Amino acid sequence: MANVIVIGAQWGDEGKGKITDLLSKSADVVVRYQGGVNAGHTVVVKDQTFKLHLIPSGILYPDTECIIGCGTVIDPKVLIEELDQLEQLGVSTENLLISETAHVTMPYHRILDQASEERRGEHRIGTTGRGIGPTYADKSERTGIRMIDLMDPESLRKRLRWTVEYKNVILEKLYNQTPLDPQAVIDEYLVYADRLRPHVVDSSLRIYDAIQRKRNILFEGAQGTLLDLDHGTYPYVTSSNPVAGGACVGTGVGPTVIDRVIGVAKAYTTRVGEGPFPTELHGITGELLCDRGAEFGTTTGRRRRCGWFDAVIGRYAVRINGLDCLAITKLDVLDEMDEISICVAYEVDGERCNDFPSNARRFARCKPIYKTVPGWKQSTANCRTLEDLPRQALDYLKLLAELMEVPIAIVSLGASRDQTIIVEDPIHGPKRALLSTNPIPTH
Ligand code: IMP
């Protein structure tokens with residue numbers, strides 16, 4: 001039995017969907033612990049492509065229970081669309097449970113998100129415009145609507161009438177927007193409530209029961225460490241806690257139940273939205289990474305900014321999340337490169353800086369110090385063991401593991417499930433056993 005957290009070790013979009021899908025095979029329960037429909041992951045199974053925003057990819061395994069935890073924010077309209085999509089493709093959604101204390105994204109959240117981004121002008125965050133920040137803001141301000149309110153028509157009517165009127169003042173006076181009709185919002189959300197009711201439960205209790213029964217639980221993070229509200233590149237972050245610590249708060253379990261934390265990182269770096277990105281590549285190499293890696297957002301379709309692997313933020317992710325091991329994804333995207341650079345440290349104000357600076361202004365001034373290694377100039381898409389990899393690709397992975405001071409357990413070389421090298425069983429393998437020795441055998 002092992003309870004495992006999977007987190008993104010960069011700025012999101014690391015390919016967590018594929019890794020959690022692989023690990024879900026040995027999980028009895030998969031729990032999503034933060035974020036909302038800002039996230040998006042694509043899972044390819046045989047010739048079918050699944051695009052999910054809220055539902056854990058574990059839903060593709062018929063016996064796996066999937067839970068959307070209390071730390072998430074739920075847009076019921078999008079969730080219902082996802083349920084419909086899965087059902088149409090023949091995937092049962094009976095095993096999906098939703099926390100009754102998760103907060104609900106309302107139409108005014110989406111409008112406020114987009115209007116406030118417009119108002120910020122050049123100071124905009126580059127949000128997904130899905131109402132995530134305003135939903136979490138209401139949670140903190142204690143004016144939020146929770147799933148439990150949605151399930152109680154009388155309480156929903158009362159609370160929404162008051163809240164919509166209150167939000168209308170802000171929409172009209174501050175943002176010059178058309179006010180919402182409270183009754184129309186109530187009617188719309190009562191329909192959503194009926195559809196979602198069979199799935200809504202006390203999820204912390206369900207997870208506790210699963211722990212008592214020694215089930216394997218996979219805690220699935222959305223976004224990534226550098227987008228964390230407390231530990232990321234604030235203010236260019238999301239409004240939740242994607243770091244491993246968020247898994248306990250966002251599901252209602254104590255830290256003592258967690259056995260392992262697995263970080264997912266791309267073999268290079270991407271970022272969507274605004275904010276500093278020291279290894280960003282603006283020229284042809286950046287475009288090559290974007291095109292080969294199909295770096296366009298699942299949720300917004302935005303082109304992702306691309307750059308070299310940054311081992312400074314990698315080491316930071318190891319520290320902040322207490323990573324036991326790493327899954328490196330999209331190694332094949334580098335197949336055609338003549339040379340590959342890795343940022344090993346920063347230069348800031350004339351000094352070398354080995355650690356991620358928590359001061360955002362200092363981080364914005366950081367310039368990468370690179371180590372450059374030769375590329376392998378051949379396809380890795382069909383490699384299934386470390387021995388199949390070209391020597392330079394193996395050396396590159398070895399260097400990443402050394403720089404990040406953490407073993408690599410999984411290497412992914414394409415979107416499908418079989419395009420994967422399992423170096424060490426990430427869940428049951430010896431914990432941190434490879435850390436002090438050579439993580440990857442050399443030829
Ligand atoms: P929000 O989460 O929509 O408020 O957006 C805040 C920041 O997080 C923006 O820079 C978004 O581009 C980024 N972001 C949010 N969700 C994701 C994601 O799933 N992948 C990558 N970036 C994301």
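Source: prediction; values computed, not measured. Along the sequence shown, residues carry numbers from 1. Counting starts at 1 for both ligands and their atoms, following the listed order.
Counted by atom type alone, Asn3 and Asn216 present zero donor-acceptor pairs between their side chains at under 3.5 Å.
Relative ring orientation between Tyr192 and Tyr189 is described as perpendicular, the plane-to-plane angle rising above 60° on a 0-90° scale split at 30° and 60°.
Between Lys367 and Glu347 there is no salt bridge, since no side-chain nitrogen of the basic residue lies less than 4.0 Å from a carboxylate oxygen of the acidic one.
Within 4.0 Å of ligand 1, counting heavy atoms only, the contacting residues are Trp11, Asp13, Asn38, Ala39, Ile125, Gly126, Thr127, Thr128, Gln223, Leu227, Val237, Thr238, Val272, Gly273, Arg302.
Sorted by first then second residue, the ring pair (Phe, Tyr, Trp, His ring centres under 6.0 Å) pairs that include residues 264-298, not counting sequence neighbours, are Trp11-Phe277.
With sequence neighbours excluded, the residues that form a side chain to side chain donor-acceptor pair (under 3.5 Å) with Lys167 are Asp138. With sequence neighbours excluded, no residue forms a side chain to side chain donor-acceptor pair (under 3.5 Å) with Gln177.
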